[in-house]
Amino acid sequence: MWRNGAVFQGISRRQLNEVYGALSEKGSFMRKRIAEILAAPEVGEQLQIAGWVRTRRDAAGFSFLEVGDGSSLANLQVIAEQTLANYRDEVKKLSTGCTVLVTGVLQESPAKGQSVELRADAIEVLGWADPESYPLQKKHHSFEFLREICHLRPRTNALGAVARVRSRLSYGVHTFFQERGFIQVHTPIITTSDCEGAGEMFQVTTPSASSVDSGEFFGRPAGLTVSGQLQAEVYAQALGNVYTFGPTFRAENSNTSRHLAEFWMVEPEMAFCDLARNRQLAEAMLKFLLRLVLTECAADLALFDRFIAKGLVAKLEAVVDQDFSHITYTQAVEQLQQSGQSFVYPVKWGIDLQSEHERYLTETIYQRPLIVTDYPAVIKPFYMRLSDDGLTVAAMDILVPGIGEIIGGSQREERYDVLLARMQQAGVDPLSYDWYLDLRRYGTVPHSGFGLGFERLVQFVTGMANIREVIPFPRTPGFAPC
RNA sequence: UCCCCGGUAGCUCAGCUGGUAGAGCAGGUGACUGUUAAUCACCCUGUCGGCGGUUCGAAUCCGUCCCGGGGAGCCA
């Protein structure tokens, strides 16, 4: 227990009291997170937990309460004896979803299923959950149903595990880049530049925009960002290596298990960097993140492995251990043509690879993450660097089994004349990208970067089939309940 | 947005070629039990996704809209 002046994990007792204290009607208390208790159980320790009742089972003269507080997948079993003052009136009426504050002593469990359990000295009910109307039951629910109650779904095992893994991955993204000297840049969410080729923009304006002189709040049409790349390039060409990690918006009417209208994207941008190093960084980053969750989220991954995607952990371990395969677009086309596989869309040099092609490459031929580079210039955006052959650009896609494209990136066109010509070919007005051209007029540098769809990463790591389950509050066409 | 499939009790689903509904789980009551998706008995539950049409009669057939799933496009 706490002693005055003690510091726990760098947090002072006063700070912890600010967070956890004074919640109970019986005065302040010091709850211990179940994850901490189970990580280093001390039999005989007097402690307090607070959490949600997962289930209550009655035995002769006492009840079992399974209590979870979200700190871990595992719950703590509470023994509630009938000698408790409120046993008959309250404890016996506890049901799934109720919130309780339990004070007691940790003891060894005589039965199988758990090594320790909390023998309650007092149980305070903080919140009831009427079993007649509480939607969550002690049984499996479909993810489609849970999506309709996304304010309650993080209380389930699977969605809680997703939230913990997602948080860890987010932390890992920052760790990876910060440890390598990358500067985080907060690129704008409201933007007036369309990152060409990145999809439809949501318009941003205000009903009273007409009261602003030009009729546009920002003096020109504005929208929610579809990519932070162009602005990240600005900072890369001042600070060297930068990254941006923030929300991204696409107004596409996409209805798939891999698309959201609002999602999070990780976009590093490196000055003095070519496509090969860009590729290496992307592979290193993915392996770093996978290694992180394999070691730090093992219990949550085990849940996914068992119930969501059999063999998940072995698959992730294999990705960490193996080198990613790398082929050029031209080689990909040849291999698809020679595969003997018949596709709905015939493979021909010059067409973009379709989903069926990408899946066949990564799932059937290579059976591991695959990097495809050097795509035809005609199917890629103007900012990608034109290669010496004049036909291809220094682009790369990283394809993973089950998801398809998880990363898209390129070396950027740093030559003013070539960039200008590519803009004109693409029908992009150079005047509206004058600031972008300035970066090539003054002290231009070869540079590269990529975009990682964060939710697709979480999907890949958790094995969740639908991207709507790996973001807390999914936004899709016709859906944004809270 | 396009193609295919689906929408029936709180949840997961059954309901053949039209005759206005049923199971398991959950919930309630009781019994039993160091239980752990506890067990046993009894009880309760429905605008059959919305609207319109065909028919004596529609959960069932037709049209349309909404929502979900699978695939595609767009992409991350």
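Here is the naming used below: chain letters follow the sequence lines, and residue numbers restart at 1 for every chain.
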Using whole Å, report how far [atom1] of [X] lies from [atom2] of [N].
| X | N | atom1 | atom2 | result |
| --- | --- | --- | --- | --- |
| A:L146 | B:G10 | CG | P | 17 Å |
| A:F64 | B:A37 | CZ | P | 12 Å |
| A:D397 | B:C74 | CG | C1' | 14 Å |
| A:F145 | B:U12 | CZ | P | 6 Å |
| A:E356 | B:C74 | CD | P | 12 Å |
| A:H259 | B:A72 | NE2 | P | 11 Å |
| A:I467 | B:G68 | CD1 | C1' | 17 Å |
| A:L260 | B:C75 | CG | P | 17 Å |

Can a donor-acceptor pair under 3.5 Å be found between the side-chain atoms of [X] and the base atoms of [N]?
| X | N | result |
| --- | --- | --- |
| A:Q77 | B:U35 | yes |
| A:H141 | B:C11 | no |
| A:H140 | B:C11 | no |
| A:S254 | B:C74 | yes |

**Request:** Can you figure out which of B:C75, B:G34, B:G24 approaches the side chain of A:K139 most closely?
**Result:**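 So the side chain of A:K139 is nearest to B:G24.
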**Message:** Closest approach to the side chain of A:Q137, judged atom by atom: which nucleotide of B:C75, B:A26, B:U33 is it?
**Reply:**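 The nucleotide sitting nearest to the side chain is B:A26.
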**Request:** For the pair A:Q231 and A:T191, evaluate side-chain hydrogen bond (donor to acceptor under 3.5 Å, both in side chains) and give the outcome as yes or no after the intermediate values.
**Result:** CA-CA 10 Å; A:Q231 289 93 344; A:T191 179; 3.3 Å; yes
State the pairing partner of [N]; accept Watson-Crick or G-U wobble contacts with both distances under 3.5 Å, and report none otherwise.
| N | answer |
| --- | --- |
| B:A21 | none |
| B:A72 | B:U1 |
| B:U39 | B:A31 |

**Partners passing ring pair (Phe, Tyr, Trp, His ring centres under 6.0 Å) against A:F263 (at least two apart in sequence or in another chain)** =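 Scan of A:F263 (ring pair (Phe, Tyr, Trp, His ring centres under 6.0 Å), adjacent residues dropped) gives none.
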**Message:** Could you work out, with ring pair (Phe, Tyr, Trp, His ring centres under 6.0 Å) as the rule, every residue matching A:Y87, not counting sequence neighbours?
**Reply:**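 A:Y87: no ring pair (Phe, Tyr, Trp, His ring centres under 6.0 Å) contacts found.
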**Request:** Using modelled atom types only, decide if a donor and an acceptor are shared between the side chain of A:D274 and the backbone of A:R277 within a distance under 3.5 Å.
**Result:**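 Yes, A:D274 side chain to A:R277 backbone: donor-acceptor pair under 3.5 Å.
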**Request:** May I ask you to decide if A:V458's main-chain N or O and A:T462's side chain share a donor-acceptor pair within less than 3.5 Å?
**Result:**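 Between the backbone of A:V458 and the side chain of A:T462 there is a qualifying donor-acceptor contact (under 3.5 Å).
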**Request:** Show your reasoning for whether ring pair (Phe, Tyr, Trp, His ring centres under 6.0 Å) applies to A:F182 and A:F176.
**Result:** CA-CA 9 Å; A:F182 281 64; A:F176 178 83; 7.3 Å; no
**Prompt:** Between A:H140 and A:F307, is the gap from one ring center to the other below 6.0 Å?
**Reply:**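 No, too far apart.
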**Prompt:** Are the aromatic rings of A:H357 and A:Y345 close, with centres under 6.0 Å apart?
**Reply:**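 Here the rings of A:Y345 and A:H357 have centres that are no less than 6.0 Å from each other.
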What nucleic acid atoms does [X] come within less than 4.0 Å of, heavy atoms only: base, sugar-phosphate, or nothing?
| X | answer |
| --- | --- |
| A:I406 | sugar-phosphate |
| A:E117 | base |
| A:S109 | base |

**Asked** Under 6.0 Å from the six-membered ring centre of A:F454 and within 45° of its axis: does the NZ or CZ of A:R456 meet both?
**Response**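 Cation-pi check for A:R456 and A:F454: fails.
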**Asked** In a check of side-chain hydrogen bond (donor to acceptor under 3.5 Å, both in side chains) between A:E66 and each of A:R56, A:R57, A:K138, A:R54, which one passes?
**Response**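 Between A:E66 and the candidates, side-chain hydrogen bond (donor to acceptor under 3.5 Å, both in side chains) is satisfied uniquely by A:R57.
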**Prompt:** More 5' along RNA chain B: A:F62 or A:W264, using each one's nearest nucleotide?
**Reply:**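 Whichever sits nearer the 5' end wins; that is A:F62.
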**Request:** Specify the residue among A:E148 and A:R57 whose closest nucleotide of RNA chain B lies further upstream toward the 5′ end.
**Result:**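 Per heavy-atom nearest nucleotide, the more 5' residue is A:E148.
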**Message:** For a quick test of reading the model: is some side-chain N or O of A:R250 closer than 4.0 Å to OP1 or OP2 of B:C75?
**Reply:**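 A:R250 to B:C75 OP1/OP2: no side-chain N or O under 4.0 Å.
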When the [atom1] atoms of [M] and [N] are compared, how many Å lie between them, rounded to an integer?
| N | M | atom1 | result |
| --- | --- | --- | --- |
| B:G30 | B:U47 | C1' | 34 Å |
| B:U8 | B:G22 | C1' | 10 Å |
| B:A26 | B:G10 | P | 16 Å |

Can you give me every donor-acceptor pair (side chain of residues 366-378 of chain A, partner residue at least two apart or in another chain, under 3.5 Å) with its distance?
unit_1	atom_1	unit_2	atom_2	d
A:Y366	OH	A:Q335	OE1	2.9
A:Y366	OH	A:Q335	NE2	3.1
A:Q367	NE2	A:T364	O	3.4
A:R368	NH1	A:D323	O	2.8
A:T373	OG1	A:H326	NE2	2.9
A:Y375	OH	A:D397	OD2	3.3

Pairs under 3.5 Å (N/O, protein and nucleotides 69-71 of chain B):
unit_1	atom_1	unit_2	atom_2	d
B:G69	OP1	A:R147	NH1	2.4
B:G69	OP1	A:R147	NH2	3.1
B:G69	OP1	A:N466	ND2	3.2
B:G69	OP2	A:R468	NH1	3.3

**Message:** Evaluate A:S109 against A:E117 for side-chain hydrogen bond (donor to acceptor under 3.5 Å, both in side chains), listing each step before the verdict.
**Reply:** CA-CA 6 Å; A:S109 178; A:E117 60 193 21; 3.0 Å; yes
**Asked** Parallel, tilted or perpendicular: which fits the ring planes of A:Y436 and A:F382, with parallel below 30° and perpendicular above 60°?
**Response**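 Correct class here is perpendicular.
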Close N or O pairs between protein and nucleotides 45-48 of chain B (under 3.5 Å):
none

**Prompt:** If we require ring centres under 5.5 Å and near-parallel planes under 30°, does A:F263 stack on B:A76?
**Reply:**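 Yes, the aromatic ring of A:F263 stacks with the base.
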Just the atom pairs and distances: protein N or O near nucleotides 27-30 of chain B's N or O, under 3.5 Å.
unit_1	atom_1	unit_2	atom_2	d
B:G27	O2'	A:E132	OE1	3.1
B:G27	O2'	A:E132	OE2	3.1

**Item:** Exceeds 12 heavy-atom contacts within 6.0 angstrom, atom CZ of A:F177
**Value:**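 Atom CZ in A:F177 is crowded, with more than 12 foreign heavy atoms closer than 6.0 Å.
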